[in-house]
Amino acid sequence: MIGVFDSGFGGLTIFKSLLERMPEYDYLYLGDSARSPYGARSMEVVHKFTRESVEWLFEQGCELVVLACNTASAKALKNIQQLDLPARWPDRRVLGVIRPSVEALVGIPPATLPAHRRPDLTGGSVAVLATRGTVLSNSYAIEAAKLAPGLNLIQQACPLWVPLIEAGELSGVGTEHFVRHYLDPLFKGPDVPKRILLACTHYPLLYSLIRQVTPPEIEVISQGEIIAHRLEDWLRRHGEMDRRLSRGQSEGTRRYATTDDVAWFAEHGERILGCPIQVENVELQPVEGGSGITAT
Ligand code: DGL
């Protein structure tokens, strides 16, 4: 199976795009809703929670895990890839969403896309909207500096958006106020971005409102299609992993798990995916051994 992890139900915005682009694979989605939001948590805690989640997904038979959560990708991915995988699961893989998002933002095409079909996304400033943790980690800026040193990347934390989304407040004057609260300063600043990346799995749920208050000439980008496209490309280039992934004839199996209330998760999940889902509850266990965490 392909495991997909998020701090909660928000990662289903990315999961939906994976199902649309690559329906044939078997998938297992885990949302750590009981401990969400991760956005303001320390690096140690995000690593601990993410590590436990990845461990569970591996135990269930996932060969490959995608950290759909930007905060987990920013704060836990490096340690999981460099310390946990070699020590515990050397033949499994964990991928994050930051590098592929930055590649798309700066116009680096997926390796398998024919040259004549490669989009030109370069030019102009880019604003990355994310959780406080993702912004403070500077992960987007670090990746952008490696891939496109000339790019002007503006990072904006929007800490009030996840609580609003979790409360189901996706429209109305109150939510619009808080959407404008973080966006208006970007539009009034000296360097108005040409593109805005919604770099938090929850934010696409506010897409309509964000689009409505954003000047039409500014592009608003969700990550789902980017991640699905780049994962497909990655699997084409990593045949040894692709061959290990189970799949169905035209459509594979889908499993959904949460660490919190299954009914609450299903209600939000069905709204995002547009179809009924069965959700199971899981209790994550501490992982043996020190985290060996290194700061980035
Ligand atoms: N899933 C998180 C992310 O993409 C946002 C929600 C949270 O703070 O846990 O960064």
Side-chain angles (χ1 to χ4, degrees), residues 3-18 29-54 57 65-78 80 94-102 104-105 127-143 155-170 178-179 182 196-207 210 221-228 230-231 256-260 264-265 268-269 272 284 296:
V4 179
F5 169 70
D6 187 57
S7 57
F9 62 77
L12 291 171
T13 57
I14 288 182
F15 191 67
K16 188 174 186 210
S17 298
L18 297 183
Y29 181 97
L30 172 63
D32 188 12
S33 309
R35 303 187 289 192
S36 164
Y38 280 15
R41 293 190 186 275
S42 71
M43 183 155 169
E44 287 74 14
V45 169
V46 172
H47 177 231
K48 178 181 183 299
F49 290 176
T50 306
R51 192 176 184 233
E52 289 169 10
S53 303
V54 168
L57 288 164
V65 171
V66 177
L67 301 184
C69 181
N70 284 269
T71 311
S73 297
K75 293 189 155 191
L77 179 68
K78 193 170 157 226
I80 287 177
V94 179
L95 303 174
V97 290
I98 294 179
R99 172 105 187 178
S101 299
V102 174
L105 272 182
V128 169
L129 308 184
T131 63
R132 205 168 153 266
T134 301
V135 168
L136 289 179
S137 77
N138 218 25
S139 300
Y140 272 93
I142 292 167
E143 286 302 327
Q155 298 186 80
Q156 174 68 56
C158 310
L160 292 168
W161 287 5
V162 169
L164 281 168
I165 293 163
E166 299 246 323
E169 299 287 339
L170 304 182
F178 289 109
V179 166
Y182 299 117
I196 292 177
L197 176 72
L198 305 182
C200 168
T201 52
H202 280 60
Y203 297 175
L205 299 169
L206 286 178
Y207 183 88
I210 294 169
I221 307 166
S222 296
Q223 286 176 303
E225 281 181 29
I226 293 174
I227 301 307
R230 303 260 155 183
L231 181 61
Y256 300 90
T258 176
T259 51
D260 204 346
W264 186 80
F265 186 94
H268 284 284
I272 295 169
L284 300 176
T296 49

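Just so you know, ligand 1 is whichever comes first in the structure, and atom 1 is the first atom listed for that ligand. Basis for what follows: all heavy atoms, side chains included, without hydrogens, waters or symmetry-related copies.
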Asks: Should S7 be counted as touching ligand 1, given the test is an N or O pair under 3.5 Å?
Replies: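 Between S7 and ligand 1 (N or O atoms, distance only) the closest approach is under 3.5 Å.
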Asks: Can you tell me the protein heavy atom closest to atom 8 (O) of ligand 1 and the distance?
Replies: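 Of the protein heavy atoms, G39 N, 2.8 Å lies nearest.
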Asks: To the nearest 0.5 Å, what is the distance between CD (Q223) and OG1 (T201)?
Replies: 8.0 Å
Asks: Under 3.5 Å, N or O to N or O, is A199 touching ligand 1 that way?
Replies: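 Looking only at distances, the answer is no, because the N/O contact criterion of under 3.5 Å is not met.
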Asks: Out of all atoms in ligand 1, which are within 4.0 Å of some heavy atom of N70? Include the element for each.
Replies: 3 (C), 4 (O), 10 (O)
Asks: Regarding E52 and K48, does a basic nitrogen lie under 4.0 Å from an acidic carboxylate oxygen?
Replies: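 Yes, this pair counts.
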Asks: Hey, is C200 one of the residues with a heavy atom under 4.0 angstrom from ligand 1?
Replies: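 Checking ligand 1 against C200, which is what was asked, there is a heavy-atom contact under 4.0 Å.
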Asks: Should the pair Y38 and F5 be assigned to parallel (<30°), tilted (30 to 60°) or perpendicular (>60°) ring geometry?
Replies: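 Answer is tilted, since the angle falls between 30° and 60°.
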Asks: Would you mind checking which non-hydrogen protein atom is closest to atom 10 (O) of ligand 1, with the distance to 0.1 Å?
Replies: T71 OG1, 2.6 Å
Asks: Specify whether Y29 and F15 have parallel, tilted or perpendicular ring planes, treating 30° as the upper limit for parallel and 60° as the lower limit for perpendicular.
Replies: perpendicular
Asks: Between F9 and H202, what is the ring plane arrangement, given parallel below 30°, perpendicular above 60°, and tilted in between?
Replies: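 Rings of F9 and H202: tilted, as their planes differ by 30° to 60°.
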Asks: Among all the protein's non-hydrogen atoms, which is closest to atom 2 (C) of ligand 1, and how far away is it?
Replies: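 In this structure, atom 2 (C) of ligand 1 has C69 SG, 3.4 Å as its nearest protein heavy atom.
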Asks: Hey, does D6 come in under 3.5 Å of ligand 1, counting only N/O atoms on both sides?
Replies: yes
Asks: Please identify which atoms of ligand 1 are closer than 4.0 Å to at least one heavy atom of T131.
Replies: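 Taking each heavy atom of T131 in turn, ligand 1 has 5 (C), 8 (O), 10 (O) under 4.0 Å.
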Asks: If the cut-off is 4.0 Å to any non-hydrogen atom of H202, which atoms of ligand 1 fall inside it?
Replies: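 Within the 4.0 Å cut-off of H202, ligand 1 contributes 5 (C), 6 (C).
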Asks: Answer yes or no: is there a donor N or O on one side and an acceptor on the other, between the side chain of T258 and the main chain of D260, under 3.5 Å?
Replies: yes
Asks: At what distance, to the nearest 0.5 angstrom, does CG of L160 lie from OH of Y182?
Replies: 3.5 Å
